[in-house]
Amino acid sequence: MMSKQLTVYSLRAGRCQSFYIKMLAVLFFALSVLSPIVAQEKSISLGERIDNLVKQQGISELLFEDFVLPIQECFMENYVKKGAMANGSLDPSEIVCIKINGQYAAIAQSVDDKIEYLFDVDGDGILESKTTSMLVPAWTFRKSKNLNKSSTNNVKHYLDTLMKFFNGNENPYQTGTVRKTLDELQSLVANTKTPNRDVLFALFTYYRFIQYSSEADSIALAEFEKLYKERFSLDCPEIIFLHKIETCINQGNITKALNLIKQGSVLFPNCIPIQVYSWQLEENKTLKEQKYKSLKQKYPNHWIVKQI
């Protein structure tokens with residue numbers, strides 16, 4: 001009756017497809033049509049510094065440029081080693097270093113006949129996350145001249161909306177409500193007159209990076225929480241607190257997850273997903289059975305409770 005396998009329900013029950021498939025195809029064309037794709041003899045690994053790669057590889061020649069998203073700060077420039085295109089084609093062993101909003105933020109490389117991207121997720125110059133789609137780390141917004149910082153909290157509405165979805169009876173991924181909310185966020189950020197564009201984009205970015213790794217989850221989540229607290233002098237919102245628990249579970253940090261669940265149960269007693277994780281991580285068989293029965297009795301129609 002009760003699952004033994006740890007499952008993160010609200011973020012993993014129906015992952016949204018990346019908005020960046022188009023850009024993946026563009027870069028794939030640049031690498032594969034111009035020359036056959038073959039794996040590099042030695043691929044770039046996570047943990048390397050992107051500035052060192054630029055220097056070591058002699059990266060300076062623009063390959064192509066475009067917008068990752070229709071947002072002013074999401075302009076992407078793809079650079080390769082000087083002379084790499086001298087013969088009119090790009091050797092597949094070459095790496096592509098990517099600037100976003102004028103700052104090196106990622107590299108692209110061919111590995112096993114596929115294009116993979118390595119990202120500096122937090123702006124420290126170190127490649128921390130690997131994906132198969134082109135994303136835009138939230139920190140690249142920092143140098144924008146159109147952040148329109150304001151103490152008026154225009155972000156709370158979206159946090160509350162997302163929390164309402166996850167606490168409701170309908171699966172927000174199946175109904176498309178999460179995707180609709182993220183589309184709204186993207187449109188808001190695209191408007192340079194929107195207040196607090198960097199905070200809104202950090203929230204948008206988190207939901208993009210959750211598809212790929214718990215390490216990227218954690219960094220993107222911390223970036224949003226830091227900006228939100230600095231801008232509005234407010235503690236961690238309920239939806240973000242929930243995602244912190246889920247990130248800990250995904251990273252296998254059960255002790256920290258349990259501590260957060262204990263805090264969250266007091267701070268947000270009506271948060272159903274937190275109650276589900278409290279049941280899921282409970283080791284006492286008697287208490288676990290009690291929590292299970294309570295969930296089934298109180299919230300029989302909740303989309304996550306239905307899954308347990």
Side-chain angles (χ1 to χ4, degrees), residues 8-19 69-71 74 135-136 138 141 147-211 217-218 220-247 260-261 263-265 267-277 298-299 301-307:
V8 177
Y9 294 92
S10 71
L11 294 186
R12 299 301 191 268
R15 297 178 180 178
C16 300
Q17 292 296 315
S18 171
F19 289 135
L69 292 169
I71 296 173
C74 295
L135 306 176
V136 179
F141 252 63
L147 298 182
N148 299 331
K149 296 180 181 181
S150 171
S151 59
T152 300
N153 191 344
N154 60 326
V155 183
K156 185 178 183 298
H157 165 73
Y158 294 96
L159 295 169
D160 291 346
T161 296
L162 288 164
M163 190 63 245
K164 182 179 179 181
F165 293 155
F166 292 130
N167 229 24
N169 289 337
E170 300 295 325
N171 185 324
Y173 293 106
Q174 292 181 356
T175 61
T177 49
V178 170
R179 176 62 181 268
K180 181 180 178 182
T181 301
L182 296 182
D183 286 346
E184 290 179 10
L185 284 173
Q186 180 179 315
S187 296
L188 277 173
V189 176
N191 184 350
T192 57
K193 295 182 180 180
T194 298
N196 301 312
R197 295 174 66 238
D198 54 335
V199 186
L200 290 167
F201 187 72
L203 179 61
F204 173 86
T205 297
Y206 168 68
Y207 282 94
R208 300 273 59 80
F209 270 104
I210 62 174
Q211 301 178 64
D217 285 10
S218 181
L221 199 59
E223 177 79 8
F224 172 80
E225 188 178 2
K226 177 175 178 289
L227 282 173
Y228 189 81
K229 187 172 184 177
E230 288 177 351
R231 192 66 45 84
F232 307 119
S233 300
L234 293 173
D235 291 330
C236 185
E238 182 175 0
I239 186 68
I240 301 304
F241 200 97
L242 169 62
H243 293 338
K244 288 171 68 173
I245 292 171
E246 293 171 324
T247 296
L260 289 172
I261 288 170
Q263 296 173 43
S265 297
L267 294 171
F268 313 107
N270 297 318
C271 181
I272 299 172
I274 289 180
Q275 294 179 50
V276 171
Y277 296 130
K298 291 181 179 179
Y299 317 110
N301 297 318
H302 187 269
W303 68 282
I304 296 177
V305 176
K306 287 180 179 178
Q307 300 178 52

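A quick note: this is a predicted structure, and the numbers were derived from the prediction, not measured.
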Legend entry - Exercise: identify the closest heavy-atom pair between D198 and F141: CA-CD2, 3.9 Å

Legend entry - Qualifying residues under side-chain hydrogen bond (donor to acceptor under 3.5 Å, both in side chains), relative to K164, sequence neighbours excluded: none

Inset, instruction - Look up atom CD in E170 and atom NE2 in H302, then write down how far apart they are to the nearest 0.5 Å. - result: 10.5 Å

Legend entry - Minimum heavy-atom distance between N167 and N270, given as atom pair plus value: ND2-O, 2.9 Å

Inset, instruction - Could you tell me whether the side chain of T205 reaches within less than 4.5 Å of the side chain of V136, counting heavy atoms only? - result: no

Inset, instruction - Check side-chain hydrogen bond (donor to acceptor under 3.5 Å, both in side chains) between E184 and all other residues, then give those that pass, not counting sequence neighbours. - result: none

Inset, instruction - Return the set of residues passing side chain to side chain contact (heavy atoms under 4.5 Å, CB included) with E223 (not counting sequence neighbours), or none when no residue passes. - result: A138, W139, R142, L227

Legend entry - Over all atoms of both residues, closest heavy-atom pair of I272 and Y299: CD1-CD2, 3.5 Å

Inset, instruction - Anything under 30° is parallel, anything over 60° is perpendicular, the rest tilted; go ahead and classify H243 against F166. - result: perpendicular

Legend entry - Spacing of R208 atom CZ and L182 atom CG [to the nearest 0.5 Å]: 5.5 Å

Inset, instruction - For the residue pair L260 and Y277, establish whether any side-chain heavy-atom pair is separated by less than 4.5 Å. - result: no

Legend entry - Residue N169 excluded, over 12 heavy atoms near CG under 6.0 Å: yes

Inset, instruction - Taking all non-hydrogen atoms of both residues into account, name the closest pair between C271 and M163 and its distance. - result: SG-CE, 3.7 Å

Legend entry - Residues forming a side-chain hydrogen bond (donor to acceptor under 3.5 Å, both in side chains) with N154, sequence neighbours excluded: N196

Legend entry - With S265 via side chain to side chain contact (heavy atoms under 4.5 Å, CB included) - residues at least two apart: I261, I274

Legend entry - Under the side chain to side chain contact (heavy atoms under 4.5 Å, CB included) test, residues paired with L188 that sit two or more places apart: Y158, T194, L200

Legend entry - Residues that F232 engages under ring-ring contact (aromatic ring centres under 6.0 Å, His included), provided they are two or more places apart: Y228

Inset, instruction - Heavy atoms only: give me the nearest P237-L159 pair and the separation to one decimal. - result: CG-CD1, 3.6 Å

Legend entry - For T177, all residues meeting side-chain hydrogen bond (donor to acceptor under 3.5 Å, both in side chains), sequence neighbours excluded: T175

Legend entry - Partner residues of K229 under the salt bridge (charged side-chain N to carboxylate O under 4.0 Å, His left out) criterion, sequence neighbours left out: none

Legend entry - Approximate separation, where rounding is to 0.5 Å, of I240 CD1 and D235 CG: 13.0 Å

Inset, instruction - List for me each residue that meets side chain to side chain contact (heavy atoms under 4.5 Å, CB included) alongside D160, sequence neighbours excluded, and say none if there are none. - result: K156

Inset, instruction - List the steps and the verdict of side-chain contact (heavy atoms from CB on, under 4.5 Å) for E246 and D217. - result: CA-CA 9 Å; E246 293 171 324; D217 285 10; over 6 Å; no

Inset, instruction - Tell me, yes or no, whether the heavy-atom count around K149 atom NZ, taken from other residues, nucleotides or ligands under 6.0 Å, exceeds 12. - result: no

Legend entry - Smallest separation among heavy atoms of Q186 and L69, with atom names: OE1-CD2, 3.7 Å

Legend entry - Partners meeting salt bridge (charged side-chain N to carboxylate O under 4.0 Å, His left out) with E225 (sequence neighbours left out): K244

Legend entry - Polar side-chain atom of N148 near backbone of T192 as donor-acceptor pair, under 3.5 Å: yes

Inset, instruction - To the nearest 0.5 Å, tell me how far L162 CG sits from E238 CD. - result: 11.5 Å

Legend entry - ring-ring contact (aromatic ring centres under 6.0 Å, His included) partners of F241, counting only residues at least two apart: F268

Inset, instruction - Verify the ring-centre separation between Y206 and F224: is it less than 6.0 angstrom? - result: no

